[in-house]
Amino acid sequence: MVKYFLGQSVLRSSWDQVFAAFWQRYPNPYSKHVLTEDIVHREVTPDQKLLSRRLLTKTNRMPRWAERLFPANVAHSVYILEDSIVDPQNQTMTTFTWNINHARLMMVEERCVYYVNSDNSGWTEIRREAWVSSSLFGVSRAVQEFGLARFKSNVTKTMKGFEYILAKLQGEAPSKTLVETAKEAKEKAKETALAATEKAKDLANKAATKQQQQQQQFV
């Protein structure tokens, strides 16, 4: 038997903003359970869709009753694969995630679809599905119940983290392009270097004048 979850969420940000924030979610104050993230594959298809695969490492603390069933040296981290398909033309992003270790204890598979909200084009809708299963004889039901409860808790953290990153990106969004910013920084660096050179020349001239005056006194 598999536990099934279906949920709908709304982010009050445009699809473009959510898409940009998706790749910058970690770290955030609500993702302390996420230890690492690495992109292991990325490609653009002929129809201009972006395909990515990421490997994430998260903490995986088991309930106390489950810890008694496993040796103390069992890893407390879970490795998760995340496949994503981004369709910029239709403004949709679909992600699939699943754990690749501890699968016998518990398997959590998730599918999310991000798309433009039908009532407000400036908002983004998220349809989230999850399947929680366990192969442990005798305790699979208890493991599934625990896994579903933890998944719901993590969804809340995920949304809070998303909102945090979106607010941060929008608050720090520069009014100028990166090219303009880089050009201004380069010009400022030139001005600083020129000012330093002129100051050095002025100090050298003053030192030379002082030395000439001292030499004349001894003549």
Side-chain angles (χ1 to χ4, degrees), residues 1-12 18-19 21-23 25-38 40-41 51-87 92-115 117-118 123-166:
M1 186 177 177
V2 176
K3 290 291 182 181
Y4 175 71
F5 172 87
L6 173 63
Q8 296 282 141
S9 305
V10 175
L11 289 169
R12 298 186 177 186
V18 171
F19 166 66
F22 179 81
W23 305 107
R25 284 186 299 169
Y26 310 121
N28 70 70
Y30 305 97
S31 67
K32 295 180 180 179
H33 62 295
V34 180
L35 304 179
T36 64
E37 61 167 333
D38 297 282
V40 296
H41 177 75
L51 308 182
S52 303
R53 169 167 285 188
R54 293 198 296 179
L55 175 65
L56 300 102
T57 307
K58 300 183 180 182
T59 56
N60 184 44
R61 185 173 182 178
M62 293 183 287
R64 291 183 179 179
W65 57 263
E67 289 179 349
R68 289 176 288 182
L69 301 176
F70 295 89
N73 61 351
V74 171
H76 284 194
S77 296
V78 59
Y79 300 107
I80 297 173
L81 280 180
E82 174 196 85
D83 285 350
S84 60
I85 305 171
V86 180
D87 184 349
T92 63
M93 178 170 62
T94 305
T95 64
F96 306 89
T97 60
W98 67 99
N99 56 294
I100 57 177
N101 66 333
H102 302 314
R104 180 172 173 269
L105 170 62
M106 181 168 56
M107 171 69 76
V108 180
E109 301 168 277
E110 180 189 44
R111 179 178 185 269
C112 293
V113 182
Y114 300 75
Y115 54 94
N117 182 273
S118 57
W123 293 0
T124 303
E125 191 95 11
I126 306 174
R127 175 185 169 88
R128 190 185 310 272
E129 294 179 279
W131 297 264
V132 182
S133 59
S134 174
S135 301
L136 285 182
F137 179 75
V139 294
S140 61
R141 185 180 181 86
V143 171
Q144 290 171 9
E145 291 286 354
F146 169 79
L148 183 60
R150 171 180 282 179
F151 178 82
K152 291 178 180 179
S153 175
N154 286 342
V155 168
T156 301
K157 293 178 183 178
T158 297
M159 295 304 296
K160 287 183 177 180
F162 236 133
E163 291 168 354
Y164 173 86
I165 294 299
L166 283 165

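It should be emphasised that the depicted structure is a prediction, and the values quoted were computed from it without experimental measurement.
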J.: Rounded at 0.5 Å granularity, tell me how far CG in Leu105 sits from OG in Ser140.
T.: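 Going from CG on Leu105 over to OG on Ser140, the span is 11.0 Å.
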
J.: May I have the step-by-step check of side-chain contact (heavy atoms from CB on, under 4.5 Å) for Cys112 and Phe96, ending in yes or no?
T.: CA-CA 7 Å; Cys112 293; Phe96 306 89; over 6 Å; no

J.: What pair of heavy atoms forms the shortest contact from Glu125 to Val10, and how long is it?
T.: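 That would be OE1-CG2, 3.5 Å.
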
J.: Which heavy atom of Ser77 sits nearest to which heavy atom of Asn101, and what is that distance?
T.: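 Minimum heavy-atom separation between Ser77 and Asn101: O-ND2, 3.1 Å.
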
J.: Starting from the C-alpha separation in whole Å, work towards a yes-or-no answer on side-chain contact (heavy atoms from CB on, under 4.5 Å) for Ile80 and Trp98.
T.: CA-CA 6 Å; Ile80 297 173; Trp98 67 99; over 6 Å; no

J.: Suppose we screen for side chain to side chain donor-acceptor pair (under 3.5 Å). Which residues come up paired with Arg111, at least two apart in sequence or across chains?
T.: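 Once residues adjacent in sequence are excluded, Arg111 has no partner under the side chain to side chain donor-acceptor pair (under 3.5 Å) criterion.
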
J.: The criterion is side chain to side chain donor-acceptor pair (under 3.5 Å); which residues satisfy it with Lys58, sequence neighbours excluded?
T.: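 Not a single residue meets the side chain to side chain donor-acceptor pair (under 3.5 Å) criterion with Lys58.
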
J.: Show me the donor-acceptor pairs, under 3.5 Å and distance only, between side chains in residues 155-165 and residues at least two apart or in other chains.
T.:
from, atom 1, to, atom 2, distance (Å)
Thr156, OG1, Lys152, O, 3.4
Thr158, OG1, Asn154, O, 2.8

J.: Any salt bridge (Lys or Arg N to Asp or Glu O under 4.0 Å) pairs touching residues 26-37, not counting sequence neighbours?
T.: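 Checked against salt bridge (Lys or Arg N to Asp or Glu O under 4.0 Å) - neighbours excluded - the pairs reaching residues 26-37 are Glu37-Arg54.
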
J.: What residues, two or more places apart in sequence or in another chain, satisfy ring pair (Phe, Tyr, Trp, His ring centres under 6.0 Å) together with Phe22?
T.: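 Applying ring pair (Phe, Tyr, Trp, His ring centres under 6.0 Å) to Phe22 gives Tyr114.
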
J.: Sequence neighbours left out, what passes side chain to side chain donor-acceptor pair (under 3.5 Å) with Ser9? Give chain and number order.
T.: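 Partners of Ser9 under the side chain to side chain donor-acceptor pair (under 3.5 Å) test: none.
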
J.: Drop me the distance from Leu11's CG to Leu166's CG, to the nearest 0.5 angstrom.
T.: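 One finds 6.0 Å between CG of Leu11 and CG of Leu166.
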
J.: Going by the rule side chain to side chain contact (heavy atoms under 4.5 Å, CB included), which residues pair with Arg12 if we only count those two or more places apart in sequence or in a different chain?
T.: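 Arg12: side chain to side chain contact (heavy atoms under 4.5 Å, CB included) contacts with Trp123.
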
J.: According to side chain to side chain donor-acceptor pair (under 3.5 Å), who are the partners of Tyr115, at least two apart in sequence or on a separate chain?
T.: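 Tyr115: side chain to side chain donor-acceptor pair (under 3.5 Å) contacts with Gln8.
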
J.: Mind checking the CG-OG1 spacing from Leu81 to Thr97? Nearest 0.5 Å is all I need.
T.: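 Reported to 0.5 Å precision, the distance equals 9.5 Å.
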
J.: For Leu51, which residues count as a side chain to side chain contact (heavy atoms under 4.5 Å, CB included) partner, sequence neighbours excluded?
T.: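 Side chain to side chain contact (heavy atoms under 4.5 Å, CB included) check on Leu51 returns Glu43, Thr45, Ile85.
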
J.: Kindly say whether Tyr30 contributes a backbone atom to a donor-acceptor pair with the side chain of Asn28 at under 3.5 angstrom?
T.: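 Yes, the answer is positive, given that a donor and an acceptor are paired below the 3.5 Å cut-off.
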
J.: Within the structure provided, determine whether Arg104 and Leu136 are in side-chain contact (heavy-atom separation under 4.5 Å).
T.: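 In contact.
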
J.: In terms of side-chain geometry, is the basic nitrogen of Glu109 or Lys3 positioned less than 4.0 Å from the acidic oxygen of its partner?
T.: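 No salt bridge links Glu109 with Lys3.
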
J.: Quick one: which residue pairs count as a side chain to side chain donor-acceptor pair (under 3.5 Å) with a foot in residues 127-137, not counting sequence neighbours?
T.: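 Pairs touching residues 127-137 that pass the test: Tyr4-Glu129, Glu110-Arg128.
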
J.: Rounded to the nearest 0.5 Å, how far apart are CG of Leu35 and CG of Leu56?
T.: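 Here the rounded value is 10.0 Å.
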
J.: Would you say Asn99's side chain and Val108's backbone share a donor-acceptor pair under 3.5 angstrom?
T.: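 Answer holds: yes.
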
J.: Partners of Asp83 by salt bridge (charged side-chain N to carboxylate O under 4.0 Å, His left out), sequence neighbours excluded?
T.: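 Counting only residues at least two positions away or on another chain, Asp83 forms a salt bridge (charged side-chain N to carboxylate O under 4.0 Å, His left out) with Arg53.
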
J.: With sequence neighbours left out, write down each residue that passes ring pair (Phe, Tyr, Trp, His ring centres under 6.0 Å) with Tyr26, or none if nothing qualifies.
T.: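 If we apply the ring pair (Phe, Tyr, Trp, His ring centres under 6.0 Å) test to Tyr26, skipping adjacent residues, there are no hits.
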
